[in-house]
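Below is one structure; the comments refer to it alone.
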Amino acid sequence: MPSKAATRAQKLRAQIDEANHRYYILDDPAITDAEFDALLRELIELEERHPEIRRADSPTQRVGAAASERFAPYEHARPMLSLANAVSFDELRAFDERASKLAGGPVEYVCELKIDGLAVALEYRDGALLRGGTRGDGRVGEDVTPNLRTVRTIPLRLRSSTGSRQGLKFAEVRGEVYLRKSDFERLNAQRERGGLPVFANPRNAASGGVRQLDPALTAERRLSFFAYQLVGDDGLKTQWAGLRRLQGLGFPVNPHVARLPAIDAVFKYCADWERRRDDLDYEIDGVVVKVNELALQDRLGVVARDPRWAIAYKFKPREARTKLLDILVTVGRTGTLNPNAVLAPVRIGGVTVKSATLHNRDYIESNDIRIGDTVLVTRAGDVIPRVVGPIVSERSGNERRFRLPARCPVCGSDVDHPEGEAMSRCTNAACPAQVYERVRHFASRGAMDIEGLGDVMAQQLTERGLVRDISGIYALDTARLRDVPRTGEKSVESLLRNIERSKQRGLARLLYALGIRFVGSQTAQILASDFGTIDAIADASEEDLRHSEGIGPEVARSVTLFFKQPANLEMIERLRRQGVVMDAPKRVAATNAKFAGKTFVLTGTLPSLTREEASSLIVGAGGKVSGSVSKKTDYVVAGSEAGSKLVKAEQLGIAIVDEDGLRRLLSSQVR
Ligand code: IVH
């Protein structure tokens, strides 16, 4: 008869193996990190109390999961260790006590943000990237060299100019491949449009990206990298010097690393970053605390699977399980039916979550999410909470499958589910839910920028039938606005003034404000500057439109479709009669305009100008704004978080300016 401990250990091992498999191999975790850690801790303790039940193949003897068989094995010359977790300051203090006892005094630490991505090792020989692999089980990972070569911040050659000694013959660099939150949102939006399943979090998307069989697919994910460990430089004395050396060799090192004199400062660092984690454009799930002195690291050594010279302080989890009480359907601006989860309220990372997105019908079906299920919910930073999937083992049999309504829940019209598209749509363009979303978008900042016409006002106006389509905004007057509750004379006056002013925003802003599918502000800008008037765009064929730079078949089709609808043309006529400007600002007479004949491309976020503002400055000076960088581009205006366009500009040797540079060009006398 196996003992009680042995039975329990066996159950834990099976659960951990299953969780590892789902996490590492399927990229589809079913339990939270915190739950996983709790299982592993329990097993470690059990095996410590009952050494007789310990087994060589127990997950406690391994660092992670075995490598999948899709890639060639990548053997690590030195094992890639994992870290023990501390979930409280008490546990951090215990870690410090062990270290300072051995050191015989206070220990200096290096604190690094714990990036939530995927650990990789990179080998360089004579300064060139030779191969790279995932961690796998710590001994053997997967050889993903071609994929890692596509990660733009991983240097293919080391810089050898800085550092104490020239060119390392051999170096191994370890670090984290991750996906920026902004890139994650873009990727998911793209997948949603293409009817592909969306990723639950940036980490899964990054991990799946590194493990693609086609490197071109890896490249599309736009992965990023932070280096945190240099192996093979015997001259190093501290982790801190290692980080600086990595930087000198050309690696991105996280800018928030800190060298701290003792554990109290570490507490403060951890508390600060737990509070500020949402300020970052990448996910972190904790802080890695490392003993700075490498000699002391060696003396502290490694016990079982974890080094004793480093520990991961884990932030409070932002995943939780809860009951899916119901699924409600709302209607979006383009008539999309959006299923939303109604959840039993649950605290996630200090916030109570009661609802979450379920994306679309396909997402619910492919993840087999049912009403009544216990589900896993994540809330990642400022990203909307999302339901990751059901915990199938918790099913009672009373769960119900969800069916999307056949009629629009707001206006009762037919619902269309076009072949090959992820979203179902209400077919009635006058559906009040659609009108509300359109009005809200029309008045928003990047669009017609009507101050005072925010969400609440848009709702009041559409619910009361005061505005039945966009042109209704310009038919508003004092008498009609009198009925809207909680609006005083002053605010009515100022709203009407702002509405009046918005008529002058010009063609590009108007085009964007109309909310035509796939026409973002940049596309609108291009169409406006190429065609000049709304009539020219309305008359253009798909082929005409595609002559414009960056306008693909999808956009061209959507634009012609929009201008074919009689209701849209009538609405535009009403806008025209109401005095809304429908031309692009006249380009200043070609020869004496400062930017005549010059093409600009905007990328990234500028410190003070919005994209629209920058574009109109350029167009106003006779220049052209294009969506993509080519040899014909004269200037690239780059802000923070600039991406591939900047890289391309550098490759083509095109002049790159920042916002100040743009202003200088505008005000300079000479061209
Ligand atoms: S050091 C022995 N530093 O956290 C040292 N790890 O278990 C091992 N991670 O999977 C790693 N940021 O992928 C280290 N600045 C950082 C890190 C970091 C993220 C990940 C790493 C590993 C896990 C620790």
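Just so you know, these numbers use all the heavy atoms, side chains as well, and skip hydrogens, waters and symmetry mates. Order of listing sets the numbers, starting from 1, for every ligand and every atom in it.
Shown here are the side chain to side chain donor-acceptor pair (under 3.5 Å) partners of Glu42, two or more places apart in sequence or in another chain: Arg8.
Protein residues having at least one heavy atom under 4.0 Å from any atom of ligand 1 are Leu81, Ser82, Leu83, Glu112, Leu113, Lys114, Ile115, Ala119, Arg135, Glu176, Tyr228, Val288, Lys290, Pro307, Trp309, listed by chain and number.
The closest side-chain donor-acceptor pair between Tyr124 and Glu172, if any, does not fall under 3.5 angstrom.
Looking only at distances, a side-chain donor or acceptor of Thr134 sits under 3.5 Å from a matching main-chain atom of Glu142. No donor-acceptor pair under 3.5 Å is formed between the side chain of Arg321 and the backbone N or O of Leu376.
Stacking of Arg131 on the aromatic ring of Tyr74 is recorded, both the 6.0 Å distance cut-off and the 45° axial limit being met.
Ring geometry for Phe226 against Tyr178 counts as parallel: the plane angle stays under 30°, on a 0 to 90° scale with 60° as the upper cut.
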